[in-house]
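Scroll down for the structure; my scribbles are underneath it.
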Protein chains: 2
Amino acid sequence: MAENRSARVRRGRPRQAEVARLAGVSQTTVSVVLGGNKQGIVLHPDTTARVLEAARELGYVPDPAARRLAAARNNLLGVFSFTATFPTAVEHSYYPFLVGVEQEAAARGYDLVLFTGSSAGAQSGTSGALERVRLADGCLFLGRHIPAGELRRLVEHGYPAVHIGRRDELDGLAWVGADYVEATAEVVRQLAKLGHRRVMLVREDDDAPASTDRERGFREALATAGLAGADPVVRAAHPAAEITPAWLRDRYAEGVTAFVAEETDTGAAWRALLAAVEGAGLDAPSDVSLALLGSPPADLAGRPQPTGFDIPRAELGAAAVRALTGLLTTGEAESPLVACAFRPGSTAGPAPVH
Amino acid sequence: MAENRSARVRRGRPRQAEVARLAGVSQTTVSVVLGGNKQGIVLHPDTTARVLEAARELGYVPDPAARRLAAARNNLLGVFSFTATFPTAVEHSYYPFLVGVEQEAAARGYDLVLFTGSSAGAQSGTSGALERVRLADGCLFLGRHIPAGELRRLVEHGYPAVHIGRRDELDGLAWVGADYVEATAEVVRQLAKLGHRRVMLVREDDDAPASTDRERGFREALATAGLAGADPVVRAAHPAAEITPAWLRDRYAEGVTAFVAEETDTGAAWRALLAAVEGAGLDAPSDVSLALLGSPPADLAGRPQPTGFDIPRAELGAAAVRALTGLLTTGEAESPLVACAFRPGSTAGPAPVH
DNA sequence: TTGTAGGCGTTATCAA
DNA sequence: TTGATAACGCCTACAA
């Protein structure tokens with residue numbers, strides 16, 4: 001019987017009606033009082049006090065589903081990642097973003113719901129998994145490969161959504177992202193200032209915005225510095241195989257004195273660059289300068305700090321929450337770009353007299 | 001007006017009633033058909049087909065809030081940690097648990113609500129922060145210092161709660177924990193098998209269950225192996241200061257050939273042990289054998305694998321979810337102990353002929 | 001100043 | 001086989 005199940009399930013979960021009974025008022029009054037009395041209704045202070053006390057005593061917490069259904073808000077923010085949020089391999093995790101998300105959400109009085117729709121346990125690709133997020137007032141999305149169709153549906157229906165990471169292909173989807181263009185340009189400017197005239201970028205063979213933004217910043221800064229020349233960009237599908245000591249020696253012989261690597265999940269490009277330099281019998285930063293457009297992989301954290309920039313992941317998470325709450329309250333999101341801080345590091349130095 | 005807001009929110013989002021109208025059936029029939037007809041009601045195939053077709057045509061997707069409200073369960077599990085769930089300082093301390101929690105929750109169709117001790121609900125008053133977890137159907141707790149008073153209140157109210165880590169002092173609180181007693185005993189047995197007759201345990205000066213369990217397993221195994229002797233346990237409040245090369249040399253001179261360290265947050269005991277052995281001019285495993293009751297700190301991951309055991313953190317998280325969902329559905333939790341796998345490692349070897 | 005009544009979208013019961 | 005009808009918990013005009 002429904003009665004039985006309900007009674008069992010809601011055991012220990014008081015409802016407004018019970019608070020009302022205890023306080024000796026109507027359920028409506030409880031709703032008004034606990035709702036902060038936005039309507040400005042004049043209530044007797046005693047009534048208010050009794051209701052609050054009763055709610056406290058019972059440990060009343062509003063049911064999020066009911067709140068949402070009544071066309072009100074939940075104070076729940078969703079987080080949905082297209083891969084598991086906590087994958088076994090820490091290096092693929094969104095943990096650093098969550099640090100900022102959690103802090104900013106808490107500061108603004110929102111609770112966080114982690115929708116597990118796409119973790120390993122769930123039937124992957126289950127269509128409709130995204131719909132669950134509608135339990136929350138709005139949702140943050142992250143991950144490389146988004147189910148565009150489902151997400152589009154949500155956005156078109158006016159559901160507040162913010163993607164962490166630039167995402168232009170979905171019209172109307174708000175996003176926050178790191179300003180890779182500017183951050184990369186700054187790295188190039190620094191190298192130019194150190195006297196480097198020929199700089200090369202090693203990037204993945206992937207057209208993610210994060211990659212193309214870096215390349216754009218790279219090329220623009222080269223042009224501005226008057227360093228445009230032979231094609232300065234290498235796309236490496238398998239960096240370890242392509243960025244060899246021989247390759248590096250050839251570039252060096254041609255006059256290239258600085259190499260810049262894109263940050264990737266595995267850090268493959270950076271690893272290959274380090275190995276190639278060592279294999280070529282060269283030294284950074286005395287012979288060649290190296291820079292990394294992002295952070296080094298965890299297992300290389302002990303090595304000398306790469307010159308480059310840090311992606312402010314926590315700050316991005318916080319900015320995403322601000323954008324989402326902005327969408328929720330004023331209907332408009334704030335500026336989507338977050339600056340990356342330049343990291344001097346110790347892998348770049350003055351260009352050698354060649 | 002409420003009408004307006006509701007209308008705006010559900011714009012373009014068909015309801016079962018509309019599917020019913022299009023299919024020429026009642027809304028109930030739609031619910032039954034789309035719900036997979038769990039009740040086994042005999043339906044005319046044509047009816048079913050018409051409903052499905054109408055739903056497809058309209059792009060019907062159920063409203064998660066309404067669904068959860070009607071089901072009288074939100075399928076929301078809380079995860080509460082007294083220190084920030086996403087600590088920046090303590091590197092990923094809860095991360096491994098969350099991996100298992102997320103997977104198991106996803107597999108069972110639950111979403112996660114993330115709470116932190118410092119910020120839950122963002123109320124300025126910290127007291128009562130725990131009450132917010134009632135938003136979820138049940139909650140997982142982790143961390144060393146959970147406020148017992150508040151937690152007791154929840155448990156006494158019949159709120160389903162499971163603690164990750166043994167926690168006996170709170171009557172009626174369910175928990176899951178690693179079987180440190182057995183795992184530690186196994187390490188001692190292995191050392192005994194290698195010929196060690198005198199083994200010492202270095203533990204923290206803290207009475208957390210995780211510590212006392214290890215000590216118990218240690219002593220029991222020693223007794224069973226007939227190796228009981230002078231007090232084999234050292235409590236070190238500041239391992240670095242107490243476990244010195246001189247101290248180690250003295251023990252070695254007394255005939256101690258194997259040292260076992262407890263795993264701690266910082267890995268201080270293990271660090272001190274390694275440093276002391278090196279400082280004493282000894283080598284592991286040729287001179288002395290070392291074992292670690294847990295995993296090494298991240299920055300020592302490159303070093304040789306310590307002999308010892310791995311705490312199955314992900315498995316613990318998963319077990320906690322199973323226990324909690326068991327509480328939610330059948331009212332009873334399953335077996336709380338999870339076995340740790342012995343890790344051979346390379347820091348222990350045959351006892352030297354002394 | 002407080003209470004009544006209706007509805008949000010879904011599920012489940014029970015009569016037709 | 002299908003269709004009223006009543007919850008689920010909360011919010012909010014509106015009446016008292």
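Here is how names work: the chains are called A, B, and so on, in the same order as the sequence lines, proteins then strands, and each is numbered from 1. Remember, it's a predicted structure, so these values are computed and weren't measured experimentally.
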With a 4.0 Å cutoff (strictly under), does any side-chain N or O of B:Arg15 reach OP1 or OP2 of C:dG9? yes
From CG of A:Asn74 over to P of D:dC11, roughly how many Å is that when rounded to an integer? 10 Å
Side-chain donor-acceptor pair under 3.5 Å between B:His157 and B:Arg134, yes or no? yes
I need the CG-C1' distance between A:Asp63 and D:dG9, as an integer number of Å. 6 Å
Starting the side chain at C-beta, find the nucleotide from C:dC8, C:dT10, D:dT12 nearest to A:Leu69. C:dC8
Are B:Glu131 and B:Arg153 ion-paired here, with the side-chain N under 4.0 Å from a carboxylate O? yes
Between the axis at one end of the helix from C:dT1-D:dA16 to C:dA16-D:dT1 and the axis at the other (five pairs apiece), what's the angle to 10 degrees? 50°
Could you go through nucleotides 2-6 of chain C and list every protein N or O atom that sits under 3.5 Å from one of its N or O atoms, giving the distance for each pair?
residue : atom : partner : partner atom : Å
C:dT2   : OP1  : A:Thr47 : OG1          : 2.3
C:dT2   : OP2  : A:His44 : N            : 3.1
C:dT2   : OP2  : A:Thr47 : OG1          : 3.3
C:dG3   : OP2  : A:Ser26 : N            : 2.7
C:dG3   : OP2  : A:Ser26 : OG           : 3.2
C:dG3   : OP2  : A:Thr29 : OG1          : 3.0
C:dT4   : O4   : A:Thr28 : OG1          : 2.8

Counting only side-chain N and O atoms of A:Ser31, is one of them less than 4.0 Å from OP1 or OP2 of D:dC10? no
Output yes when B:Glu315 and B:Arg322 qualify as a salt bridge under the 4.0 Å nitrogen-oxygen rule, no when they do not. yes
Which heavy-atom pair separates B:Leu327 from B:Ala161 by the least distance, and what is that distance? CD2-O, 3.8 Å
Between B:Arg50 and B:Glu53, is the closest basic N to carboxylate O distance under 4.0 Å? no
Base, sugar-phosphate or nothing for B:Gln16? Non-hydrogen atoms, less than 4.0 Å. base
Report yes or no: do A:Thr28 and A:Ser31 form a side-chain donor-acceptor pair below 3.5 Å? no
Answer yes when A:Arg15 and A:Glu18 have at least one side-chain N-carboxylate O distance shorter than 4.0 Å, and no when they do not. yes
Any salt bridge linking B:Asp111 with B:Arg68? Criterion: basic side-chain nitrogen under 4.0 Å from a carboxylate oxygen. yes
OP1 or OP2 of C:dC8 under 4.0 Å from side-chain N/O of A:Arg68: no
